[in-house]
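Chain identifiers are assigned alphabetically (A, B, ...) following the order of the sequence lines, protein sequences preceding nucleic acid strands; residue numbering begins at 1 within each chain.
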2 protein chains.
Amino acid sequence: MAVDTLETRELRYFVAVAEELHFGRAAERLGMAQPPLSRAIQQLERRIGVSLLERNRRGVSLTDAGDVLLHEGRAALDATAAAARRTRRAGGADSSGGPRNRLVLAVKAAASHELLQKLLDAYAAEPDAAEIEVLPSGMCEQAELLRDGRADVALMHTPFNSLAGFDSEELMTEGRIAILPAGHPLAAHKTLSMADVGDIPGLPIARWPSHGTYPPGQGPEIHDQTQLAQLIALGRTVAVFPDSARAWLWAEHAAVPLADASPIVTHIAWPAHSRSLALAGLIRTATQL
Amino acid sequence: MAVDTLETRELRYFVAVAEELHFGRAAERLGMAQPPLSRAIQQLERRIGVSLLERNRRGVSLTDAGDVLLHEGRAALDATAAAARRTRRAGGADSSGGPRNRLVLAVKAAASHELLQKLLDAYAAEPDAAEIEVLPSGMCEQAELLRDGRADVALMHTPFNSLAGFDSEELMTEGRIAILPAGHPLAAHKTLSMADVGDIPGLPIARWPSHGTYPPGQGPEIHDQTQLAQLIALGRTVAVFPDSARAWLWAEHAAVPLADASPIVTHIAWPAHSRSLALAGLIRTATQL
DNA sequence: CCCTGTCATACCCGGTAGGTATCACTGGGG
DNA sequence: CCCCAGTGATACCTACCGGGTATGACAGGG
């Protein structure tokens, strides 16, 4: 093999070891025995002429070069997986009928309902519309879905998602609101500031494991939006949401605009090198909404 | 091998065939015989379950899926090559002394002299400055250099370069000037329009093979900037350049601002997933110029 | 009709990826 | 103090498969 070419298999092996920092566990994860994995990593280090792992007594740690290869290798593996997935999607469906174009659109579950609905309706009305598969995703994994090819295009929301590495178009900007119990004194205000909501006596901000706002504070722990809505209705917590959250407010809720919260901008984003006509049509539709 | 994993070797093979559209030539380019290449492509098609090539009588053409794999595969191969190169750069230099950080900066040859000089000087004065290797590149290949890891960061110029897929920061905006023979009547004008320079009797725009402006027109053919400068001095042609080209004008040249030309914006751009401290320092220096 | 150029098939060989058994080393506990 | 548990490395073998050569099938053109 050419000395300057990394095989996908080698990258998979190295990333597994670098993530586990343990040859045995990495081998198990890869479904193979430990000795061939050790040997493969040694060969890899010899081939690229750089030592990647520090074999200390009792464990393994990454060298600087190893850290670089971990990050770059993940990106390369994502790109390879994306090539396989998108190719399969482009051709595999052909057997089930015409030149079926299908686009996978990743959206943050339960966000941008109205916008998404308008987009899907408008696009479906286009003459040569492709089939759109909506892929609900967790909070911040849209980028990952785009990178590894499970999705072709995504709705992303700054400042929560980073648009780094993708092409994107801005679709919508909205402010944020504080959602309070309907009877709360602050609910009478015309606007509030972030500082106000962060420090309401008796109303600690809820902690939502997958939402960053977890470690600090002593607020109640929640796991989905319904729990949160209920806790607010019971007068136990406050929450900050985008304007569009007004759509699902309860009678027991009150919404007050936040004057100093950074606005939430919704973008449609896609891999920079995409050349699909169906995608171009969807983007055109989206920007003309 | 897992059925859903593409090996680098398979991608290399397929991309070669897809580019040549000829098994024999592709095999020659890959330094191998034709039969194993045919077999490898067949196995690839079976593995991903999609037909990639249309074997017509007298030649080969790409299916839709094949076209997708050609583009996605190129990106994946670039990412893989980048992983190898950057890893080698991160670790290979360690043997020749301390924790030597080296950054490769791609710049369009002979552009942005002053800006580049200021940037290098300012960065060198930083306390923990890494070594910067300046990689002169052709007109539009900075993106390619960043993608395949030959460079870590680049100076790019919109609208010539596309920033798609990279992170970037704006550094400088400049207008454009028409460079005329000193004695020419139009040289007396305060400003000109693009239409003016495109159609000057007796002064056809020069044709520069690597600059897009090649096919049409009957202007003289040139191959580098010095030839162009000389032809202008001789009163044979006109050229449009960014403001900063004033730095190298001859006495026989006259520069007139163009009122309606889109401005040229210089950016510093880097791969979106970069995490290098040295790169962060360079970017910080650049944005504070 | 043969000849040429194309990709596919048939068959063989060597390298190497992967498995099993074992070693070398270190640190902790009885 | 020594033994044991747990780590990664080494030794050795096997089987698969990637690659080579020779040849076939098929279509077009002179």
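Atom P of nucleotide C/dT16 and atom CD of A/Gln43 are separated by 8 Å, given to the nearest angstrom. If you take CZ of B/Arg9 and P of C/dA17, they are 11 Å apart, rounded to a whole angstrom. What separates CZ of A/Arg55 from C1' of C/dA24 is a distance of 15 Å, to the nearest Å. Note: CG (A/Leu53) to C1' (D/dT7) measures 14 Å, nearest angstrom. Atom P of nucleotide C/dT16 and atom CD of A/Glu7 are separated by 12 Å, given to the nearest angstrom. Protein atom CG of B/Asn56 is 15 Å distant from nucleotide atom C1' of C/dG5, rounded to whole Å. A straight line from CD1 of A/Ile41 to P of D/dT7 spans 17 Å, rounded to a whole angstrom. Here C/dA8 presents its P atom at 12 Å from CZ of B/Arg46, a figure rounded to the nearest Å.
DNA chain C is contacted by B/His22, B/Phe23, B/Gly24 of residues 22-30 of chain B, taking any non-hydrogen atom closer than 4.0 Å. Residues from residues 32-40 of chain A placing a heavy atom under 4.0 Å of any atom in DNA chain D, listed by number, are A/Gln34, A/Pro35, A/Ser38, A/Arg39.
Remark: the backbone N or O of A/Ala130 is paired with a side-chain donor or acceptor of A/Tyr123 at under 3.5 angstrom. Put simply, the side chain of B/Arg150 never gets that close to the backbone of B/Val104: no donor and acceptor are under 3.5 Å apart. No donor-acceptor pair under 3.5 Å is formed between the side chain of A/Arg102 and the backbone N or O of A/Glu133.
For A/Val134 against A/Val107, the heavy-atom pair with the smallest separation is CG1-CG2, 3.7 Å.
Rounded to the nearest 0.5 angstrom, A/Asn161 CG and A/Lys108 NZ are separated by 6.0 Å. Considering CG of A/Leu282 and CG of A/Leu277, their distance stands at 12.5 Å, rounded to 0.5 Å. In this structure, CG in A/Leu163 is found 10.5 Å from NE2 in A/His157, a value given to the nearest 0.5 Å.
In this structure, B/Arg46 has no salt bridge (Lys or Arg N to Asp or Glu O under 4.0 Å) partners at least two apart in sequence or on a different chain.
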In residues 267-276 of chain A, what donor-acceptor pairs under 3.5 Å come from side-chain atoms, sequence neighbours left out?
| residue | atom | partner | partner atom | Å |
| --- | --- | --- | --- | --- |
| A/Ser274 | OG | A/Pro271 | O | 3.1 |
| A/Ser276 | OG | A/Ala278 | N | 3.2 |
| A/Ser276 | OG | A/Leu279 | N | 3.0 |

Show me the protein contacts with nucleotides 24-29 of chain D, counting only N or O atoms at under 3.5 Å.
| residue | atom | partner | partner atom | Å |
| --- | --- | --- | --- | --- |
| D/dG28 | OP1 | B/Arg57 | NE | 3.1 |

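Every pair passing side-chain hydrogen bond (donor to acceptor under 3.5 Å, both in side chains) that includes a residue from residues 30-41 of chain B is listed here, sequence neighbours excluded: B/Gln34-B/Ser38.
With A/Leu62 as reference, A/Leu21 is the one residue of A/Leu52, A/Leu21, A/Val17 to meet the side-chain contact (heavy atoms from CB on, under 4.5 Å) rule.
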